[in-house]
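Read through the structure below, which is laid out as structure tokens, and then see the notes.
Whatever order the structure lists them in is the order used to number ligands and atoms, beginning at 1.
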Amino acid sequence: MAFESISSLQSPVSISMTCATAPGKIILFGEHAVVYGRPAIAAPLAQLRATAVVEDSLTPGIRLLAADLGTDIQLDEAAPDDPVAAVVRQLQTAAQLPQLPDLTITVTSQIPIASGLGSGAAITAAVIRALAIHLGLTHLASDDWVSNLTYEIEKIHHGTPSGIDNTVVAYEKPVYFVRQQPQNLIEPFAVGKPLCLLVADTGQSSSTKAVVGDVRRQWQADPARFEALFAGCGRIAHQARQAIERGDVAQVGRLMNENHRLLQEMTVSSVELDGLVAAARAAGALGAKLSGAGRGGNMIALVPAEGETAVAHALTQAGARSVLTTALTPTSPIPDNRL
Ligand code: PMV
């Protein structure tokens with residue numbers, strides 16, 4: 001996550017401004033099953049970012065501006081579940097500040113909303129980081145705090161988030177993640193050979209809360225079947241980590257295909273996602289799957305270096321609204337097992 005602070009002395013009154021950004025994310029393996037304690041793998045999407053700018057204001061109160069969310073309100077008039085207001089109040093509570101100074105907080109985002117790319121978590125993380133730095137609360141701007149506070153906000157919007165989104169956007173590193181008590185397992189991992197991934201958008205929005213809630217209802221109705229599906233996804237994520245570490249790109253692709261099949265059985269794919277997955281595979285992708293909550297949003301395709309253009313073209317022909325390229329690149333030596 002990036003940030004900068006600027007103090008302007010050009011006007012008679014010093015106005016200081018702090019900017020912080022946070023990335024989007026993709027889930028490579030294990031969405032949905034991760035909510036039920038199975039491992040998952042996710043990575044930041046550095047080229048799509050949310051940005052928060054916090055400025056001192058000469059007018060009283062805290063003005064919240066988020067054009068993408070249609071927000072231009074004063075904090076004290078905002079509804080309890082207003083996404084940006086909730087973040088500011090959360091930070092105020094965590095810092096035990098009885099009062100905040102007069103501020104303007106402006107939020108912008110390049111990450112499409114409700115599309116499985118973690119836009120909500122990224123906006124929250126950017127606002128927390130910018131505001132904490134601006135107020136001199138440097139301990140609350142640490143990755144740990146940004147992740148924990150973002151998780152609290154995710155709970156308001158998503159009900160039962162696993163914690164993987166806030167972790168990836170706050171630390172901005174690929175992670176192997178297991179939701180567990182008393183503390184989640186968060187492990188970085190080595191990448192043996194580069195993985196070139198395309199991220200394609202169906203253009204259809206999807207509510208993570210609704211899809212996660214529906215999976216929960218299906219799990220309650222048929223626990224044995226859904227436990228088996230979740231266990232399958234967990235096994236795949238575990239094997240995928242090993243394949244990524246040893247640089248077995250073909251095996252990573254096969255495991256993506258297997259994961260997509262289990263997600264179809266959970267009924268979280270869609271005609272559009274399946275269409276893009278099939279088009280990517282037919283054009284030479286080594287593997288393809290939906291990414292995130294599903295029933296819309298984005299899919300990912302693993303492509304051989306020389307096949308990127310052909311697969312990107314096929315995805316566009318099959319109706320993708322946008323196609324991005326991202327990569328997991330080799331890391332060496334193997335990092336320690338804590339972020
Ligand atoms: O759709 P997104 O980007 O919010 O990803 C959701 C991932 C889930 O595993 C479905 C839910 C979660 O909290 O992990």
Using a 4.0 Å cutoff against the non-hydrogen atoms of [X], which atoms of ligand 1 qualify?
X: G116; value: 1 (O), 2 (P), 3 (O)
X: L117; value: 3 (O)
X: E31; value: 9 (O)
X: G292; value: 1 (O), 5 (O)
X: G118; value: 3 (O)
X: I164; value: 14 (O)
X: V34; value: 9 (O), 14 (O)

For K25, state whether at least one heavy atom is located under 4.0 Å from any atom of ligand 1.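 For ligand 1, residue contact (heavy atoms, under 4.0 Å) with K25 is present.
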Which atom pair, heavy atoms only, marks the closest approach of S119 to P112?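 It is CB-O, 3.6 Å.
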Side chain D102, main chain D56, donor-acceptor under 3.5 Å: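 No; judged by distance alone, with no hydrogens or angles, the pair does not exist.
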Between the main-chain N or O of L65 and the side-chain N or O of T71, is there a donor-acceptor pair closer than 3.5 Å?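 Such a contact is absent between T71 side chain and L65 backbone.
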What part of V211 sits under 4.0 Å from ligand 1 if we count only heavy atoms: the side chain, the backbone, both or neither?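 It is neither; nothing of V211 touches ligand 1.
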Top protein contact for [atom], by heavy-atom distance:
atom: atom 7 (C) of ligand 1; answer: I27 CD1, 3.6 Å
atom: atom 4 (O) of ligand 1; answer: T208 OG1, 3.1 Å
atom: atom 12 (C) of ligand 1; answer: S162 OG, 3.4 Å

Among H32, R38, H157, which residue places a heavy atom closest to atom 9 (O) of ligand 1?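 Checking each option, the heavy atom nearest atom 9 (O) of ligand 1 is found in H32.
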Ring-plane angle category for W145 and H139, please: parallel below 30°, perpendicular beyond 60°, tilted otherwise.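 Ring orientation, 0 to 90° scale: perpendicular.
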Has R241 got its NZ or CZ under 6.0 Å from the middle of the six-membered ring of F189, at an angle within 45 degrees of the ring axis?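 No.
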Is the closest basic N to carboxylate O distance between E31 and K289 below 4.0 Å?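 So E31 pairs with K289 through a salt bridge.
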Any side-chain heavy atom of T104 within less than 4.5 Å of one from V53?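 No; the side chains remain at least 4.5 Å from each other.
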Sub-6.0 Å ring centroid separation between F230 and Y36: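 Yes, they do, as the ring centres are separated by less than 6.0 Å.
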Look at atom CZ of R89 and say whether more than 12 heavy atoms of other residues, nucleotides or ligands are closer to it than 6.0 Å.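 More than 12 heavy atoms, drawn from other residues, nucleotides or ligands, come within 6.0 Å of this atom.
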When you compare ligand 1 with P161, is there at least one nitrogen or oxygen pair between them that comes in under 3.5 angstrom?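 Checking ligand 1 against P161, no N or O pair falls under 3.5 Å apart.
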